[in-house]
Each structure stands twice: as structure tokens, then as C-alpha cells.
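Single-structure report; data block below.
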Number of protein chains: 2
Amino acid sequence: MQQKLTIGMLSKQSDVKVETIRYYERSGLLPIPTRSASGYRYYDGEDVKRLRFIRRGRSLGFGLEEIRSLLQLADQPQQPCHEADQLVQAHLAEVDAKIRDLQAIRNVLEQLAGCQSQTAAHCRLLEALEERVCCSTR
Amino acid sequence: MQQKLTIGMLSKQSDVKVETIRYYERSGLLPIPTRSASGYRYYDGEDVKRLRFIRRGRSLGFGLEEIRSLLQLADQPQQPCHEADQLVQAHLAEVDAKIRDLQAIRNVLEQLAGCQSQTAAHCRLLEALEERVCCSTR
DNA sequence: CTTGACCCTGTAGTCACTACAGGGTTTAGC
DNA sequence: GCTAAACCCTGTAGTGACTACAGGGTCAAG
Ligand SMILES: [Zn+2]
Ligand SMILES: [Zn+2]
Ligand SMILES: [Zn+2]
Ligand SMILES: [Zn+2]
């Protein structure tokens with residue numbers, strides 16, 4: 001019952017690009033696949049699952065090394081999941097910090113948007129970058 | 001009145017690392033500096049200003065190519081600042097999009113935090129990544 | 001039998017740095 | 001005058017997570 005998927009089919013089923021799949025193989029995140037006589041990679045349903053796992057982890061912003069740990073853990077259901085929970089906590093904190101940084105940037109950019117100057121001499125952005133105290137500073 | 005700063009002094013005054021200053025020079029963002037007899041780079045107050053300009057641009061999330069345009073514009077005060085204003089608008093939209101993505105991630109991570117499972121078999125994160133419909137799905 | 005879609009390997013490019021390795025120079029203290 | 005620390009130089013390679021070729025081989029439809 002093992003369906004033989006080529007890398008292109010796996011790509012479509014997992015929504016991961018062909019080049020990226022080969023990259024994950026090189027990185028050791030995917031098992032070395034069987035090959036056809038002519039050297040084509042063959043995959044099955046397990047590979048689809050594993051790749052979708054990776055894709056979802058990536059879309060939550062986990063790095064490949066973190067995902068490597070999570071894959072290992074997923075293969076050992078009776079192990080404690082402490083490590084996974086720690087990754088979630090740490091990653092949540094990271095994401096929060098990034099959001100705060102971006103909010104701060106956003107606030108500055110909003111002030112700089114809608115410049116009325118027309119010329120560079122008193123452009124809001126340029127005055128800000130030059131730390132020039134001038135018309136746009138208020 | 002040209003103070004002669006070494007790269008280390010420039011680094012301190014601009015809050016940009018020595019290696020990064022050399023990288024910016026290679027990238028053409030900083031003018032080629034004069035040198036001492038023994039080959040040490042010498043900088044002056046103009047370089048401090050330029051480097052601080054770059055640093056502030058980076059801290060707002062602009063890329064080096066964008067900063068290159070902005071530096072050029074800052075050198076020609078009578079030019080229209082349309083391009084700078086467009087960069088602000090485009091960058092603001094980008095930042096907003098990133099914040100939205102991160103908020104979405106944050107919401108998912110918050111659901112996954114505080115896993116009570118103890119074992120990997122029913123860990124909230126792993127169930128989510130495996131797209132498994134189980135206890136943590138509700 | 002040819003065309004086009006697919007597959008292969010290997011390498012290099014992206015971005016903005018960062019980290020050496022392997023040297024030379026300057027400065028302060030003794 | 002000597003030595004050690006702190007500074008400076010060039011050039012190269014590494015980071016993360018891909019992405020983009022170049023230069024080939026394979027396969028299925030018409
Ligand atoms: Zn303007
Ligand atoms: Zn002004
Ligand atoms: Zn858990
Ligand atoms: Zn469960």
C-alpha cells in the first residue's frame with residue numbers, strides 16, 4: 001500500500017518547494033528516500049506527514065534545529081514533552097519581543113508618513129535620519 | 001579642524017561595530033577614507049554623521065539599498081523627496097504585514113503554551129504540528 | 001520521435017553582518 | 001629599551017533558510 005510519490009508530487013501534497021525538500025534532506029530533517037533505477041527519489045505517505053510537520057513548524061517561526069528536536073520527540077510518544085513546552089514558551093517570548101520592536105518602528109514610521117515638504121531639505125524622514133532639529137520635529 | 005578618528009573611535013561614536021564599518025565601506029555606503037602612513041583608516045565628523053544616519057535607517061528596518069538611496073537624496077537638499085516618502089509608505093506597509101503575521105503566530109503559540117500532558121503522546125504543540133485531532137483540539 | 005515536463009547534482013547567490021586566521025602597529029608601563 | 005595589551009590590517013568563510021541557476025538525464029503523450 002506504499003504509494004510511490006515523486007518529489008514533485010510530494011511537493012504539491014506538502015506545499016513545500018522541490019528545492020526546499022532536497023535542502024531538508026541534505027540537512028538531515030528528512031530520511032534518505034529510496035530511488036528509482038534512474039535515480040529519482042520516491043516518497044510515501046509518511047514523508048508527506050513529516051514534511052507537513054516541518055512546514056507547520058516553520059510557519060509558526062520555529063527554526064530547523066528546533067523542528068529537528070520536535071520531530072525526534074514526536075517519534076517517541078512516551079517521552080516527556082517538557083522540551084517541546086519550553087520551546088513554545090521561549091518562542092512565544094521571542095515573538096512578543098519582535099512584535100514590540102516592530103510596533104515601535106511602526107509608530108516612528110507613522111509619524112514620518114505624510115511628509116508635506118516636497119524637497120529633501122525638509123523631508124520628515126531625512127530630518128529624522130540626520131537627527132536634525134527642524135520643522136518636522138515637534 | 002578635521003579631527004582624525006581611527007576606526008575604533010568612529011565605532012564608539014557611531015555605535016556601529018568595526019567589522020560592520022569595513023563592510024559598509026566595501027558596500028560603497030561610506031566613502032573611501034584617507035589612510036595613515038601605516039595603513040590605518042582615518043575618519044572625521046562627516047563620517048560619524050553618515051554612519052549614524054545609516055544606523056538609524058537600519059534601526060527603522062530599512063535595507064542597505066534603501067539607505068543608499070536616502071543618503072544620495074540627503075546630499076541633494078533641493079531635490080524632491082517623493083522617493084523618500086514612498087519608501088516610508090512601502091516600509092510601513094511591510095512592517096504592518098509583519099506585525100499581523102506575528103500576531104497570528106502569537107495567538108497560536110498562546111493556545112499551545114501551558115501544556116499539561118507530560119508526555120509527547122498528547123503534547124499540545126506536537127498534536128498541532130501533526131494536525132492530529134485529539135485532546136488538545138477543542 | 002520529438003517535445004515538454006519532470007528529475008538529477010553541484011555550486012553560488014541572497015541579506016547584513018560576524019568571526020576568524022594570520023599578520024602588522026601603537027601605546028603605556030616598567 | 002622592552003614587552004604586553006590593545007589596537008589596526010586583509011582576506012576568507014560562516015550564519016539561516018532557502019533560492020537560482022548550469023548542465024545534464026528521464027519519462028510520457030501525441
Ligand atoms: Zn519628504
Ligand atoms: Zn525642516
Ligand atoms: Zn507538552
Ligand atoms: Zn491528545
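Chain A is the first sequence line, chain B the second, and so forth, proteins listed ahead of strands; every chain is numbered from 1. Not measured: the values here are computed from a predicted model.
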Do Leu64(B) and Tyr24(B) have side chains that approach each other closer than 4.5 Å (heavy atoms only, starting at C-beta)?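 Sidechains of Tyr24(B) and Leu64(B): in contact.
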Answer yes or no: is there a side-chain heavy-atom contact under 4.5 Å between Leu112(B) and Leu60(A)?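 Side-chain contact under 4.5 Å: yes.
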Would you jot down, in residue-number order, the residues of [range] having a non-hydrogen atom under 4.0 Å from DNA chain D?
range                      : result
residues 89-105 of chain A : none
residues 10-47 of chain B  : Arg22(B), Arg35(B), Gly39(B), Tyr40(B), Arg41(B)
residues 57-69 of chain A  : Arg58(A), Gly63(A), Leu64(A)

Mind checking what makes side-chain contact (heavy atoms from CB on, under 4.5 Å) contact with [X], not counting sequence neighbours?
X         : value
Ser11(B)  : Val18(B), Ile21(B)
Pro33(A)  : Glu25(A), Arg41(A), Tyr43(A)
Pro77(B)  : Ala121(A)
Asp101(A) : none

What do you reckon, is CD of Gln76(B) surrounded by more than 12 foreign heavy atoms closer than 6.0 Å?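 Correct, the count exceeds 12.
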Taking side-chain hydrogen bond (donor to acceptor under 3.5 Å, both in side chains) as the definition, give me every residue that meets it alongside [X], ordered by chain and number, with sequence neighbours left out.
X         : value
Glu110(A) : Arg106(A)
Ser36(A)  : Ser38(A)
Asp44(A)  : Gln2(A)

Would you please name every residue forming a ring-ring contact (aromatic ring centres under 6.0 Å, His included) with Phe62(B), sequence neighbours left out?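 By the ring-ring contact (aromatic ring centres under 6.0 Å, His included) rule, Phe62(B) matches His91(B).
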Interface limits on DNA chain C, where chain A has a heavy atom under 4.0 Å of a nucleotide atom: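 Terminal contacting nucleotides, 5' to 3': dC6(C) to dT9(C).
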State whether Glu19(B) and Arg22(B) are salt-bridged, where the test is any N-O pair (Lys NZ or Arg NE/NH1/NH2 against Asp/Glu carboxylate O) under 4.0 Å.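 The answer is yes: the pair qualifies as a salt bridge.
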